[in-house]
Peer 1: 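Take a look at the following structure, please.
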Amino acid sequence: MTETSLKTDNPYVPKLTTISKIVQENDINDLKTFRLEFQNPEDAKAYKHIPGQFGGLTIFGYGECPIGIASSPTDGDYVEFTVKKVGVVTTALHEMKEGDTIGLRGPFGNGWPMERLKGHHILIIGGGFAFTTLRALVRYMLYPDNRQDFGDIAVLYGARNSGEMIYKYDLDDWKKRDDIKLDLTIDVGEDTWKFNVGYVPDICKTVTLAKTHPTCEQTIALVCGPPIMIRFTIPVLKDFGFHDDDILLSLENRMKCGIGKCGHCMVGEKYVCTDGPVFTQSQLKDMPKEY
Ligand SMILES: Cc1cc2nc3c(=O)[nH]c(=O)nc-3n(C[C@H](O)[C@H](O)[C@H](O)COP(=O)(O)OP(=O)(O)OC[C@H]3O[C@@H](n4cnc5c(N)ncnc54)[C@H](O)[C@@H]3O)c2cc1C
Ligand code: FES
């Protein structure tokens with residue numbers, strides 16, 4: 001085996017990518033979407049992900065961090081990540097420019113269970129910037145070749161204020177379509193805001209569920225957001241009649257290797273990086289509350 005092929009097969013070695021596009025997502029500019037293109041065409045061909053998986057982004061000289069993949073595999077020969085500036089690695093990433101090189105490992109994790117979702121109505125509930133992998137899923141489902149595989153699609157997305165709402169360009173597209181129902185909400189009203197005002201769990205109950213009235217046996221709910229949003233949204237879904245098996249959540253535990261070797265992400269007997277990050281509410285109920 002040559003040295004090159006050894007390196008290529010090593011899951012700890014990041015592939016080199018170039019930042020081809022950076023989008024500022026929020027008004028205060030601590031959330032940016034980075035589009036990455038592989039420098040080696042063989043790496044691009046080999047990188048196959050499903051919505052809900054994550055990648056390890058390496059900023060050389062600073063470190064690596066796990067980030068959910070925000071683009072759909074149907075989007076093209078690139079991968080997108082939406083990153084909040086919180087610490088060492090993410091700040092270094094935010095200082096980078098289009099044309100700069102960063103490393104990428106993965107894709108990691110189980111992702112959203114695409115085969116299980118097919119043939120069902122889909123209810124998506126997202127809050128804040130945790131909407132990233134749900135955005136990837138919506139883009140995947142709306143792709144013309146895939147749309148017929150799914151029933152009704154309803155999306156509820158909430159942010160603290162309109163300036164914090166990410167992917168405005170996608171939301172504008174989805175508003176115009178008649179094959180997806182979109183409810184937007186912000187915590188406190190603003191003069192120019194024309195949509196819902198209130199917290200996600202309340203709007204879920206009084207607007208989204210009341211309006212779409214999904215049949216729980218045929219609908220799968222996917223929830224991503226801050227822990228407090230999740231805590232209050234689950235009972236709303238349960239009261240409406242959703243079964244724990246039909247409520248899916250994605251966890252963001254601390255991680256290192258991403259491939260089930262180091263144990264950093266363990267919750268009980270589960271490796272969040274390989275058994276998850278997507279779990280059903282039934283699975284989470286049986287796990288220690290370390291997530
Ligand atoms: C599966 C998965 C998917 C993720 N997807 C995204 C995403 O799409 N976009 C995004 O912006 N972030 C995402 N994260 C969180 C991201 O990995 C952390 O914000 C990042 O590692 C911080 O690195 P840093 O070096 O900048 O921060 P550090 O310097 O390490 O820490 C800065 C601050 O962030 C806190 N922090 C660090 N890591 C985490 C974490 N995993 N959870 C909560 N707090 C943390 C630290 O306690 C500290 O307060 C995801 C994490 C996981 C595990
Ligand atoms: S991050 Fe290493 S085992 Fe999960």
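The figures that follow rest on heavy atoms only: side chains count, while hydrogens, waters and symmetry mates do not. For ligands, and for the atoms within them, numbers begin at 1 and follow the listed sequence.
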Peer 1: Is there a chain of hydrophobic side chains (I, L, V, M, F, W, Y, each step under 4.5 Å between heavy atoms) that links I69 to V89?
Peer 2: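 Yes.
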Peer 1: Considering non-hydrogen atoms of the protein only, which is the closest contact for atom 33 (C) of ligand 1, and what is the distance?
Peer 2: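 Nearest protein contact, heavy atoms only, for atom 33 (C) of ligand 1 is V86 O, 3.9 Å.
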Peer 1: Report yes or no: does C262 have an N/O/S atom closer than 2.8 Å to atom 2 (Fe) of ligand 2?
Peer 2: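 A backbone or side-chain N, O or S atom of C262 is under 2.8 Å from atom 2 (Fe) of ligand 2.
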Peer 1: Give me the residue, atom name and distance of the protein heavy atom closest to atom 5 (N) of ligand 1.
Peer 2: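 In this structure, atom 5 (N) of ligand 1 has G68 N, 3.0 Å as its nearest protein heavy atom.
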Peer 1: Please tell me if atom 48 (C) of ligand 1 is touched by the protein, where touching means a protein heavy-atom distance below 4.0 Å.
Peer 2: no
Peer 1: Counting only nitrogen or oxygen atoms and a 3.5 angstrom limit, does V83 reach ligand 1?
Peer 2: no
Peer 1: Taking E95 for its side chain and A92 for its backbone only, find out whether a donor-acceptor pair lies under 3.5 Å.
Peer 2: no
Peer 1: Is there a nitrogen or oxygen of P277 sitting under 3.5 Å from a nitrogen or oxygen of ligand 1?
Peer 2: no
Peer 1: For ligand 2, indicate whether the residue M266 contacts it via side chain, backbone, both or neither (heavy-atom separation under 4.0 Å).
Peer 2: neither
Peer 1: Which residue supplies the protein heavy atom nearest to atom 3 (S) of ligand 2, what is that atom called, and how far is it?
Peer 2: G263 N, 3.1 Å
Peer 1: Should the proximity of F129 to ligand 1, defined as any heavy atom under 4.0 Å, be assigned to the side chain, the backbone, both, or neither?
Peer 2: side chain
Peer 1: If you measure every N or O of T82 against every N or O of ligand 1, does any of those distances drop under 3.5 Å?
Peer 2: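 N/O-N/O distance under 3.5 Å: yes.
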Peer 1: What protein heavy atom is closest to atom 53 (C) of ligand 1, reported as residue, atom name and distance in Å?
Peer 2: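 Going by distance alone, atom 53 (C) of ligand 1 is nearest to N253 O, 2.9 Å.
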Peer 1: Measure from atom 38 (N) of ligand 1 to the protein's non-hydrogen atoms and state whether any distance is below 4.0 Å.
Peer 2: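 Yes, there is a protein heavy atom closer to it than 4.0 Å.
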Peer 1: State whether H264 contributes an N/O/S atom found under 2.8 Å from atom 4 (Fe) of ligand 2.
Peer 2: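 Under 2.8 Å: H264 has no N, O or S contact with atom 4 (Fe) of ligand 2.
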Peer 1: Is the shortest heavy-atom distance from the side chain of K238 to the side chain of I247 under 4.5 Å?
Peer 2: yes
Peer 1: Just jot down the ligand 2 atoms closer than 4.0 angstrom to any heavy atom of K256, in number order.
Peer 2: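 Answer, ordered by atom number: 1 (S).
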Peer 1: Quick one: nearest non-hydrogen protein atom to atom 51 (C) of ligand 1, plus distance?
Peer 2: P66 O, 3.4 Å
Peer 1: What's the spacing between I19 CD1 and E37 CD if we round to 0.5 Å?
Peer 2: 11.5 Å
Peer 1: For atom 25 (O) of ligand 1, what's the nearest protein heavy atom and its distance?
Peer 2: V89 N, 2.9 Å
Peer 1: Test your reading of the model: is there a side-chain donor-acceptor pair from T215 to the backbone of E217, 3.5 Å cut-off?
Peer 2: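 Looks like no, no N/O pair under 3.5 Å.
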Peer 1: Are V138 and I125 co-members of a hydrophobic cluster defined by side-chain heavy atoms under 4.5 Å apart?
Peer 2: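 Result: no, two separate clusters.
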Peer 1: Ignoring angles and geometry beyond distance, decide whether L251 reaches within less than 3.5 Å of ligand 1 through its nitrogen or oxygen atoms.
Peer 2: no
Peer 1: Taking 4.0 Å as the limit for heavy-atom contacts, which would you say applies to I67 with ligand 1: side chain only, backbone only, both, or neither?
Peer 2: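 For I67, backbone and side-chain atoms both sit under 4.0 Å from ligand 1.
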Peer 1: Grouping I, L, V, M, F, W and Y whenever their side-chain heavy atoms are under 4.5 Å apart, do I153 and L171 come out in a common cluster?
Peer 2: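 Yes, it is one cluster - the side chains of I153 and L171 are joined through contacts under 4.5 Å.
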Peer 1: Give the ring-plane orientation class for Y47 versus F38, where under 30° counts as parallel, over 60° as perpendicular and anything between as tilted.
Peer 2: tilted
Peer 1: With a cut-off of 2.8 Å, does C257 put an N/O/S atom close enough to atom 2 (Fe) of ligand 2?
Peer 2: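 For C257, the answer is yes, given that an N, O or S atom comes within less than 2.8 Å of atom 2 (Fe) of ligand 2.
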Peer 1: Is it true that a side-chain atom of K261 and a backbone atom of G258 form a donor plus acceptor pair closer than 3.5 Å?
Peer 2: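 No, because the side chain of K261 does not come within donor-acceptor range (under 3.5 Å) of the backbone of G258.
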Peer 1: Would a single hydrophobic cluster contain both V207 and I186, if residues Ile, Leu, Val, Met, Phe, Trp and Tyr are joined by side-chain heavy-atom contacts under 4.5 Å?
Peer 2: no
Peer 1: Which of the atoms of ligand 2 are close to K261, meaning less than 4.0 Å from one of its heavy atoms?
Peer 2: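 With K261 as reference, the close atoms of ligand 2 come out as 3 (S).
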Peer 1: Can you check salt bridge (charged side-chain N to carboxylate O under 4.0 Å, His left out) on K175 and D172, steps first, answer last?
Peer 2: CA-CA 5 Å; K175 276 179 215 155; D172 286 344; 3.1 Å; yes
Peer 1: What atoms in ligand 1 come closer than 4.0 Å to a heavy atom of F54?
Peer 2: 1 (C)
Peer 1: Hey, is atom 11 (O) of ligand 1 touched by any protein heavy atom at less than 4.0 Å?
Peer 2: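 For atom 11 (O) of ligand 1 the answer is yes, since some protein heavy atom falls inside 4.0 Å.
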Peer 1: So if I count the atoms of ligand 2 from 1 in the order they appear, which ones are less than 4.0 Å from some heavy atom of G260?
Peer 2: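 Every atom of ligand 2 under 4.0 Å from some heavy atom of G260: 3 (S).
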Peer 1: Report yes or no: does R105 contribute a side-chain atom to a donor-acceptor pair with the main-chain N or O of C257 at less than 3.5 Å?
Peer 2: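 At least one qualifying donor-acceptor pair exists.
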Peer 1: Considering heavy atoms of the protein only, find what lies nearest to atom 15 (C) of ligand 1 and give residue, atom and distance to 0.1 Å.
Peer 2: E252 OE1, 3.8 Å
Peer 1: Please answer whether the main-chain N or O of S71 pairs with a side-chain N or O of H49 as donor and acceptor at a distance below 3.5 Å.
Peer 2: yes
Peer 1: So, does H94 use its side chain to make a donor-acceptor pair with the main chain of V83 at under 3.5 Å?
Peer 2: yes
Peer 1: Distance under 4.0 Å to a non-hydrogen atom of G258: what atoms of ligand 2 satisfy this?
Peer 2: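 So the answer, numbered in order with elements, is 1 (S), 2 (Fe).
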Peer 1: With sequence neighbours left out, write down each residue that passes side-chain contact (heavy atoms from CB on, under 4.5 Å) with Y167, or none if nothing qualifies.
Peer 2: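 Y167 satisfies side-chain contact (heavy atoms from CB on, under 4.5 Å) with E25, T33, A70, T82, F131, T132, R135, Y169, D170 only.
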Peer 1: How far is atom 46 (C) of ligand 1 from the closest protein heavy atom, and which atom is that?
Peer 2: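 For this ligand atom, the closest protein heavy atom is R254 NH2, 3.6 Å.
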Peer 1: Given Q281, which partner from the list V223, D246, L249 fulfils the side chain to side chain contact (heavy atoms under 4.5 Å, CB included) test?
Peer 2: L249
Peer 1: Of all the atoms in ligand 2, which lie at a distance below 4.0 Å from a heavy atom belonging to Y271?
Peer 2: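 Ligand 2 atoms under the 4.0 Å threshold to Y271: 3 (S).
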Peer 1: Would you mind checking which non-hydrogen protein atom is closest to atom 31 (O) of ligand 1, with the distance to 0.1 Å?
Peer 2: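 The protein heavy atom lying closest is G87 CA, 4.2 Å.
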Peer 1: Which of the numbered atoms in ligand 2 are below 4.0 angstrom from a heavy atom of M255?
Peer 2: 1 (S)
Peer 1: Output, in order, the C-alpha distance, side-chain angles, deciding distance and verdict of salt bridge (charged side-chain N to carboxylate O under 4.0 Å, His left out) for K211 and D183.
Peer 2: CA-CA 10 Å; K211 195 171 66 181; D183 291 318; 2.6 Å; yes
